[in-house]
Structure formats: structure tokens, C-alpha cells
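Here the structure is a predicted model, which is why all the values come from computation and not from measurement. Read the numbers this way: they start at 1 and go in the same order the structure lists the ligands and their atoms.
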Amino acid sequence: MARDGATYVCQSCGAVQSKWAGQCPACNGWNCLVEEIQSRPPGALAPSRATKMRGLAFETLDTQTIPPPRIMTGVDEFDRVCGGGVVRGSALLLSGDPGVGKSTLLLQVCAQAAVNGARCAYISGEEALDQVRGRAARMGLAQAPVQLAAETALRGIIDGLKRETFDLVVIDSIQTLWSDAHEAGPGSVTQVRAAAGELVRLAKTRGVAVILVGHVTKDGQIAGPRVVEHMVDAVLSFEGERGYPFRILRAAKNRFGATDEIGVFEMGDSGLREVKNPSALFLNSGGERAPGAAVFAGIEGSRPVLVEFQALVAPSAYGTPRRAVVGWDSGRLAMVLAVLESRCGLGLGARDVYLNVAGGLRISEPAADLAAAAALASSALDVALPQDCVVFGEVSLSGEVRQVSRMESRLKEAAKLGFSRAVGPMGIADVSPFPVSGVGRLVDAVRRIGENDWT
Ligand code: TYD
Ligand code: MG
């Protein structure tokens with residue numbers, strides 16, 4: 001029999017149950033329901049707040065609205081991903097794997113914003129003040145007028161933030177906070193939800209922008225950030241492949257801006273450096289292009305980005321050929337392979353296929369189909385694409401090459417970086433800054449590559 005006020009919260013999806021069970025009915029995970037004592041069910045309003053609610057007031061859709069005031073932090077890549085600066089009175093979650101550079105990024109954002117005149121606080125629950133100071137000194141930010149504190153008690157943080165006026169507050173991280181109103185341990189869903197709830201309320205009532213840091217683990221063990229995603233106005237994720245210095249900041253949700261924008265940074269000895277021209281970074285510069293390499297002219301958010309697709313088609317040593325892909329969708333790889341096989345007569349079925357997107361970037365555009373196909377065909381036929389050639393276009397199951405969005409921007413970016421040839425859909429001839437003819441079907445593209453025919 002459940003104790004009074006006891007609920008069972010799933011630690012992997014956050015669902016709340018009134019009875020314990022071995023399997024969570026919401027996400028079907030095993031052994032993830034943990035008893036938590038709560039004074040009232042989550043989401044229920046306290047009586048004082050409930051009675052304060054008044055009747056609805058309706059307005060029309062065309063009522064004049066003023067754009068929300070924003071804080072430009074001065075870290076341009078960060079500001080752009082936020083939709084043009086951080087909105088005052090909004091709450092933002094920055095999630096990412098441990099060690100990817102969240103603390104480094106936010107310390108830099110805080111310091112830069114403080115230098116530009118914003119009143120900024122950085123509250124660390126993970127590192128001691130000396131550690132944060134040491135890092136700031138290494139990054140050359142020691143002189144920035146940032147208010148620093150090390151605290152994990154939610155009550156202490158809220159009281160402290162109410163005593164002073166801030167424009168921007170960073171909480172690093174939400175998983176370390178604990179509220180004495182709940183019995184559960186720090187990092188549990190109950191604590192994370194309680195802390196995020198209080199901090200979001202503080203952001204709204206006092207007009208301060210609050211940035212919460214949340215760790216995600218590969219096996220999704222800590223459900224904290226998932227629960228917080230619904231409560232905040234924007235969710236940014238910070239990603240990077242191990243072994244590469246590049247870090248990508250992506251908006252996964254943004255109530256005040258677009259969600260397809262990316263910011264690119266490079267991790268160095270003195271912190272993160274903004275990369276204003278990502279194309280130059282992701283291109284394998286210098287030397288001849290090897291067979292199996294194709295430069296994809298992509299669009300990430302509002303910007304064109306050139307990135308190299310690398311493919312290797314090799315004889316298979318085993319009965320079942322291997323397929324491995326990094327930076328692209330394995331489902332789409334399977335589709336492109338099938339189209340190459342059945343529409344272009346390229347026998348890849350019994351061979352190992354490896355596909356890699358250089359630089360650690362993850363590509364999700366359908367426009368990359370043709371680039372992947374070109375890289376695969378180039379490797380299979382052992383013919384290199386010309387050094388100055390970019391590729392883009394969507395490939396349909398029938399083997400057609402379809403038009404994609406913003407073809408002119410893609411080609412202009414390519415031209416800017418010295419490219420003067422392109423393999424793409426039929427429409428490219430009309431919008432290209434250099435003379436080029438499109439291909440209607442994938443088989444035509446493969447023929448061009450095979451015959452090295454670029455006239
Ligand atoms: P950190 O910001 O602490 O990661 P997170 O807060 O996401 O856990 O960054 C940790 C990594 O970044 C660490 O492996 C060291 C590296 N790093 C640098 O390479 N250069 C630097 O200037 C800094 C501050 C960190
Ligand atoms: Mg950290």
C-alpha cells in the first residue's frame with residue numbers, strides 16, 4: 001500500500017504512477033520506477049495560486065505585439081542559434097554529453113555579455129570557485145565582471161538571485177541542484193523538475209534570462225533534461241564527435257526563433273573559438289581529391305555549408321557485407337545503395353560499404369543523397385571527382401534526381417570557395433553563377449563520374 005503522498009516516478013521518462021510496478025507503463029522500461037514523497041501531485045497548483053486565477057480574457061490574432069527584448073551576448077554563433085540574442089525573461093536549456101564543453105561555452109557567453117554591459121551571474125554546482133576561476137584565467141576572461149557563486153541548494157540560489165538584479169544567469173548544472181522541499185536525491189526527476197520549475201518562474205517574474213545546463217548520458221540514464229525540455233522556452237544541444245575539435249550548437253526547440261540554425265565552434269587551448277566560415281573547416285583542404293570523396297553543398301540553418309562525404313567500397317571478407325556510416329542516416333544509405341544497385345547497375349550488394357562525413361558534422365538533409373551516391377560511385381568505379389566539383393540533390397527510389405531548396409545559395413557558396421563545377425538536379429543551370437548542366441537521373445550522374453565527362 002502506497003504511503004500518503006507517495007508517487008512512483010519513472011527515472012527514464014518522467015511519468016508519474018500511483019503504484020509501483022516492475023515495468024513503467026509509459027515507456028516500458030524495467031526497474032525505473034522510484035518512490036518519491038511529494039506534498040502534492042506534480043503539476044497541481046497550490047491553493048493560493050489556483051484561487052488567484054481569473055476568467056479568460058480573449059484577444060484577436062492581429063493584436064499588435066512588440067518583439068521580445070533580447071540580450072546580445074556578443075558570442076555571435078550563440079546569439080544566432082538563440083534567434084538573435086537571448087530573450088529576457090526566458091529560460092533556456094543547454095544539453096550535451098559530459099565533457100563536450102558546455103561549461104566552457106557558457107562561461108565564455110557570460111564573460112562576453114558582462115563585458116558588453118549585461119549583469120551576469122554564473123552559478124556552479126559542479127566545480128569549485130577556484131576551478132572556474134582557473135579556467136577563466138586560461139581563457140583570458142579573468143577580468144570580465146561576472147558574478148560567480150558555487151551553490152547547489154535551490155533555496156539559497158533563488159534567494160540570492162532575488163536579492164540582486166541580473167540580466168543573465170547561468171546554472172551549471174540543473175542535475176546538481178536540490179530543494180529541501182523534496183526527499184529525493186539530486187539528479188532525480190523530482191528534484192530536477194522542482195529546480196527547473198522554480199528557476200523558470202524566477203526568469204518570468206523577474207525578467208532575467210536563465211540558462212540551465214543539463215547533462216545527457218548515452219544510455220539516457222538521467223531523465224532530468226528530458227523533463228526540463230517541456231518547461232523551458234528553448235533547448236540548445238551542444239554536440240561534438242570525440243577526437244574532433246569541432247563543436248556544433250543546435251537549437252532543438254526555440255519559442256523565439258528558428259530551430260534549424262547551427263553555431264560552429266572549435267575547441268582549443270584557450271576555450272572555444274567561433275568558426276565564422278564553417279565550409280573552409282569541414283573541407284579536406286589541399287591535395288587532389290581521392291576516389292570516394294564528394295563535396296556536398298549543404299544548408300545548415302540559414303547558412304550554406306560545404307562538407308566532404310567520404311566513401312569506401314571494398315571487397316567483403318565475410319559472408320554478410322558490412323555497412324558503416326558516420327554523420328549520416330544509415331536508412332538513407334541503404335536506400336541510396338539500393339538505387340545505385342537496381343537503377344544504375346552498380347553491383348555493391350556483396351561489398352563492404354563505409355561512409356563518413358568529414359569533420360564530425362551530422363547531415364540530415366535529403367539533399368545529401370546525391371553527394372553520398374556520388375562518393376559511393378566514385379569509390380566503386382575508382383574514379384576521383386574533379387577537385388572543383390560540388391554535389392547536391394535528392395534521389396528518389398525511382399532513381400530520379402530531384403530539386404532541393406536554396407540551390408542558388410549552395411552554388412554561390414561553392415563559387416565563393418573556388419568551385420566551378422557541380423552535379424545537381426536539372427534546375428541548377430538556371431541559377432548557377434558558373435556554367436553547369438543538371439542531371440535528371442542518378443544513372444546520368446554515375447555515367448558522368450565513370451567517364452570523367454564534365455563538359
Ligand atoms: P567542459 O566545458 O568542462 O565540458 P562540460 O561542461 O560539457 O562537461 O569542457 C571539458 C573539456 O573541454 C575538457 O575535456 C577539456 C576541454 N577544454 C579544452 O580543450 N580547452 C579549454 O580551453 C577548456 C576550458 C576546456
Ligand atoms: Mg561542466
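- For the salt bridge (Lys or Arg N to Asp or Glu O under 4.0 Å) test, residues two or more places apart in sequence or in another chain that qualify with Arg250 are Glu239, Glu300.
- When only interatomic distances are considered, the shortest N/O to N/O separation between Lys102 and ligand 1 falls below 3.5 Å.
- Considering both main-chain and side-chain atoms, Thr104 comes within under 3.5 Å of ligand 1 through a nitrogen or oxygen pair.
- Under a cut-off of 6.0 angstrom, the local environment of CZ in Arg155 is sparse, with at most 12 non-hydrogen atoms contributed by other residues, nucleotides or ligands.
- With respect to the salt-bridge test (charged N to carboxylate O, under 4.0 angstrom), the residues Glu365 and Arg410 qualify.
- Below 3.5 Å of separation, one finds an N or O of Gly101 facing an N or O of ligand 1.
- In terms of polar-atom proximity, Gly271 is counted as a contact of ligand 1, with an N or O under 3.5 Å from an N or O of the ligand.
- One finds a salt bridge joining Lys276 and Asp76 here, because a Lys/Arg side-chain nitrogen approaches an Asp/Glu carboxylate oxygen to under 4.0 Å.
- The existence of a salt bridge linking Asp233 and Lys204 is confirmed by a sub-4.0 Å separation between a basic side-chain nitrogen and an acidic carboxylate oxygen.
- Look at Asp159 and Lys162 and you find no salt bridge, because none of the NZ, NE, NH1 or NH2 atoms lies under 4.0 Å from a carboxylate O.
- Taking distance alone, with nitrogen or oxygen atoms compared against 3.5 Å, Pro98 stays at or beyond that limit from ligand 1.
- Around the Mg ion (ligand 2), protein N, O or S atoms at less than 2.8 Å comprise Ser103 OG.
- In this view, Glu408 and Lys412 satisfy the salt bridge (Lys or Arg N to Asp or Glu O under 4.0 Å) rule, not counting sequence neighbours.
- Not counting sequence neighbours, the partners of Ser432 by the side-chain contact (heavy atoms from CB on, under 4.5 Å) test are Leu411, Phe434, Val436.
- Checked for salt-bridge contact, Arg303 and Glu77 meet the test: a charged N lies under 4.0 Å from a carboxylate O.
- The shortest N or O to N or O distance between Glu127 and ligand 1 is not under 3.5 Å.
- Within the 4.0 Å heavy-atom cutoff, Gly96 does not count among the residues contacting ligand 1.
- In this structure, Pro245 does not count as a contact residue of ligand 1, since none of its heavy atoms falls inside 4.0 Å of the ligand.
- Heavy-atom neighbours of Gln131 CD from other residues, nucleotides or ligands within 6.0 Å: above the threshold of 12.
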